[in-house]
Amino acid sequence: MTRVVEVPAQFDDRTFDQFARSYSADGGGRMLFDAHATQWASPFGLVGLLTAGQAIHEAGGERPLLTLPQDRDVAHYWGRSGFLEHAEPLFELHGRAPRVAARGDSDVLLEITPVRVADDVHGVVGHIQDRAATILTQELGLEATATMGFGMALSEACQNIVEHAGTGGWVAVQTYTWRRKLRRRVVLIAVSDAGVGFRRSLEATQAKRFGDRWSDAAALEAALIQGVSRFRDPGRGQGLAGIRRYLNRWTGKLAVRSGTARMAMVPAWDDDVPLADQLPLFPGTQVLMIVPAHADTA
Amino acid sequence: MTRIDLKDVLARTVNTVYGDLVTRRTGEAVRSGIEAMLGDDDETAIIDFGTVRLMDISCADEIVGKLLLQQGTARYFLLAGVHAAHEDALEPVLERHHLAVVAEDRTGALKLLGSLPDPARRAFQMLATSGPAALDEIAVGLSLAPDEARHALETLRQHRVVREAGGHYQALRCA
């Protein structure tokens, strides 16, 4: 018996819960991720899809099927973004996989890249700095100081995987025009892992303090708002606060989804909710960061 | 004075390929490298950030936070070549641990980083711009009561961001 998981036609952070609901629905058997009708996928959607495959693999499940988008351009983008290269070991791919190199697209600042150990964080940050500087200052019209903070935020988000997830994850960075609301260029960082999530990571040190309130949402609140960490070292827990400060300075957006909850720092240009609870369960943690162009920049 | 180039320490302790101070593991290794280079307790150790492009908060915590927590009451540290992005990583670390440190930017201007009360910050700024001064000169210059000025200078001295000799206070600086 095959269970079908629908990949939304427009697959991004807004439709992710729809994907998660289909993923977490009851039913056994081999899973088929159906993306044949997908018209567009953001880096957030793609790293989330890899995370689903990774979670099944790590749980010892049968290698799921994945039907690739029928639209040739969409499938090409999935190839250029590095998705297909990383999906191949996790999914049995069906459909026409384009033969494209995972490099050379000027909008893709960082192809989908695995993050497992601290060295991977160095690789990600080192790879992206020069291009990020050009795009942030010239394309997005931000001050030069935005560049270093961008590297810091990227580094801290990736380190959360290394330090807390208990398994590997993925990161991707892309620039594109945010037509939906903003009508401006943005840089988007998507980070996702199939690890233990915030609740399990913090349970030993924080659950008692929250009592009956302890949940995925409470764990996100503890980490994002109160800056707590599972480590006793008082210097820990500053990374997410640093990301918040950086994005706040440049009117950016931060959203963190873990388990069944999502917490967001919502700028004026967006209409997301600050906290969404009782969402469909999804493995690990997904982080979305968006840095928009300066208002005067086209 | 002992001058410690962070890029050199990074290359020696971690990897010659890396150019950025990111991750806790890197910070831990770099801190160990710095500790091995420290001279006498009374010397000022100048940690040169001038060749470092990027530093994240985790690495700043491991290097500067832990170095000051463990050795800051016994040694003098000055951070040289610090730019705005370094400050963004350093300030939250210093605030969280209630620490302070002197930073010198590429023009040689001194700045007090960390969370110290306003009178102490103003006293430091006066010493940094006008040179060494006695307690009464600080009190008059900043319109502070003598006890208030004494407390401000004592705070700076305890954080080892000024030196005191013969009743005169001097901001820590490179040369």
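Here is how names work: the chains are called A, B, and so on, in the same order as the sequence lines, proteins then strands, and each is numbered from 1. Since the model is a prediction, treat every value here as computed from it, not as a measurement.
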To check you understand the geometry: which heavy-atom pair defines the closest contact between [X] and [Y], and what is its length?
{"X": "A:Met148", "Y": "B:Arg53", "result": "SD-O, 3.3 Å"}
{"X": "A:Asp233", "Y": "B:Lys66", "result": "OD2-NZ, 2.7 Å"}
{"X": "A:Gln129", "Y": "B:Leu54", "result": "NE2-CD2, 3.6 Å"}

Problem - Euclidean distance, A:Met152 CE relative to B:His86 NE2, rounded to 0.5 Å - result: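 One gets 12.5 Å once the value is rounded to the nearest 0.5 Å.
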
Handout entry: Atom pair CD (B:Glu95) and CD (A:Gln238), whose distance is rounded to the nearest 0.5 Å
Key =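 Going from CD on B:Glu95 over to CD on A:Gln238, the span is 9.5 Å.
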
May I ask you to name which of [options] has the most heavy-atom pairs under 4.5 Å with chain B?
{"options": "A:Cys158, A:Gly242, A:Ala118", "answer": "A:Ala118"}
{"options": "A:Gly123, A:Gly151, A:Ser155", "answer": "A:Ser155"}
{"options": "A:Ala146, A:Gly235, A:Gly239", "answer": "A:Gly235"}

Problem - Portion of A:Arg249 that has a non-hydrogen atom of chain B nearer than 4.5 angstrom - result: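 Looking at A:Arg249, just its side chain touches chain B.
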
Problem - A:Asp119 portion near chain B, given a 4.5 angstrom heavy-atom threshold - result: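 Both parts, backbone and side chain.
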
Within-4.5 Å side-chain heavy-atom neighbours: [X] and [Y]:
{"X": "B:Thr23", "Y": "A:Val162", "result": "no"}
{"X": "B:Arg96", "Y": "A:Pro234", "result": "no"}
{"X": "B:Asp56", "Y": "A:Gln159", "result": "yes"}

Problem - Ion pair B:Asp88/A:Arg245, N-O distance below 4.0 Å - result: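 No.
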
Take atom [atom1] of [X] as the centre, draw a 6.0 Å sphere, and report whether it contains more than 12 heavy atoms from other residues, nucleotides or ligands.
{"X": "B:His83", "atom1": "NE2", "answer": "yes"}
{"X": "A:Arg200", "atom1": "CZ", "answer": "no"}
{"X": "A:Glu143", "atom1": "CD", "answer": "no"}

Problem - Which of B:Pro92, B:Gly65, B:Ala89, B:Cys59 touches chain A most, by non-hydrogen pairs under 4.5 Å - result: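 Ranked by contacts with chain A, first place is B:Pro92.
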
Handout entry: chain A contact via B:Ala84 - side chain, backbone, both or neither, heavy atoms under 4.5 Å
Key =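 For B:Ala84, the contact with chain A is made by the side chain alone.
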
Practice task
Identify which part of B:Asp20 has an atom lying under 4.5 Å from any heavy atom of chain A, answering side chain, backbone, both or neither.
Solution key: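 Both backbone and side chain of B:Asp20 come within 4.5 Å of chain A.
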
